[in-house]
Amino acid sequence: MDNSIAGKIDALISRLEQKRANYYPADWDADPLYEVVCELRKIVAESGDKKASPSLRQVGISGK
């Protein structure tokens, strides 16, 4: 996958994680946004671009 595309996916993942932090309690993983983030992470991982795919952050890290 092109690095610019992987970077855009990572930016989207970050935005989704911020939304999750605003909508759900810490450590919550039973929401549709969590599933979307996981699927996007899989896409980046399958592309072979390891540095563009940091580990999945939990909602609690964002301060909620």
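Predicted model only: the values in this text are computed from it and were never measured.
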Distance from I43 atom CD1 to C38 atom SG, nearest 0.5 Å?
11.5 Å

Spacing of E17 atom CD and Y34 atom OH [to the nearest 0.5 Å]
10.0 Å

Among all residues two or more places apart in sequence or in another chain, which pass the side chain to side chain contact (heavy atoms under 4.5 Å, CB included) test with L16?
L12, L33, V36, V37, L40

Within this structure, what is the OG-CD1 distance for the pair S47 and I5, rounded to the nearest 0.5 Å?
9.5 Å

Residues in side chain to side chain contact (heavy atoms under 4.5 Å, CB included) with K42, at least two apart?
E39

Give me the atom names and distance for the closest heavy-atom approach of Y24 to D31.
CZ-CB, 3.3 Å

Any donor-acceptor pair under 3.5 Å linking the side chain of R41 with the backbone of I13?
no

